[in-house]
Amino acid sequence: MRSTTETVRDGDIGRRPHVPGRLSRDARPGDPGAPTVGSVADRLGVDQPRASRLVARDVEAGLVRRVADPVDGRRSTLELTGLGVEHAERVHAFRWEVFGTAVRDWPERDQWEFARLLTAFVEALGRRRSKG
């Protein structure tokens, strides 16, 4: 078993899928779009058993908690813990730093164009994954 400090150390941020980075802080149990293991699998592009293991690891680390859906008691939704929110923010900051460093010397126009194209690429990839 990994301890919380092992799971969330800075060196891990860019090396493994993180469930906290895939969950919205605003989603609430019972909401139609509340995250589940299935939605994590879709977002990460992995099968359900792999997503379940990732979620279990992050639950154990204190980053995510499973919550019984108040509308459908057979269903569990996921929400970030305080530690999970902090970790998701660190992941986001790390990604910004990596991209910022890589394009720092580019002309501003090229930076904006890259951001536009990267966004379009990620959206297209997401649509492709959702189609199977």
Quick one: which residue pairs count as a salt bridge (Lys or Arg N to Asp or Glu O under 4.0 Å) with a foot in residues 98-107, not counting sequence neighbours?
none
Glu79 side chain vs Val64 backbone, donor-acceptor pair below 3.5 Å
no
How long is the straight-line distance from CG of Leu80 back to CD of Glu89, given to the nearest 0.5 Å?
9.5 Å
Trace of the side-chain contact (heavy atoms from CB on, under 4.5 Å) decision for Val37 with Gln48:
CA-CA 7 Å; Val37 170; Gln48 185 100 8; 3.8 Å; yes
Check Arg65 against Thr81 and note the closest heavy-atom contact, atom names and distance.
NH1-CG2, 3.3 Å
Sorted by chain and residue number, the side-chain hydrogen bond (donor to acceptor under 3.5 Å, both in side chains) partners of Arg74 (sequence neighbours excluded) come out as Asp72
Under a 4.5 Å cut-off applied to non-hydrogen side-chain atoms, are Val55 and Leu78 in contact?
yes
Using atom types as modelled and distance alone, determine if a side-chain donor or acceptor of Thr119 lies under 3.5 Å from a backbone N or O of Ala115.
yes
Flag yes if Leu125 and Leu118 sit in one hydrophobic cluster, no otherwise; membership is Ile, Leu, Val, Met, Phe, Trp, Tyr, and two members link when side-chain heavy atoms are under 4.5 Å apart.
yes
So do Val59 and Arg66 actually touch side chain to side chain, heavy atoms under 4.5 Å?
yes
Can you find a heavy atom in the side chain of His92 that is under 4.5 Å from one in the side chain of Arg95?
no
As an exercise, state the distance from CG of Leu83 to CG of Leu63, rounded to the nearest 0.5 Å.
5.0 Å
Would a hydrophobic clustering, with Ile, Leu, Val, Met, Phe, Trp and Tyr connected at side-chain separations under 4.5 Å, put Trp96 with Val122?
no
What distance do Arg53 atom CZ and Asp47 atom CG have between them, rounded to the nearest 0.5 Å?
6.5 Å
Verdict with supporting geometry, Arg116 and Glu113, salt bridge (Lys or Arg N to Asp or Glu O under 4.0 Å)
CA-CA 5 Å; Arg116 184 187 70 74; Glu113 181 66 5; 2.6 Å; yes
Could you give the distance from OG1 (Thr101) to CD (Glu97), rounded to the nearest 0.5 Å?
5.5 Å
Is any side-chain heavy atom of Val40 closer than 4.5 Å to one of Leu44?
yes
Rounded distance [0.5 Å steps], CG in Asp110 versus CG in Leu117
10.5 Å
Partner set under ring-ring contact (aromatic ring centres under 6.0 Å, His included) for Phe114, not counting sequence neighbours:
Trp106
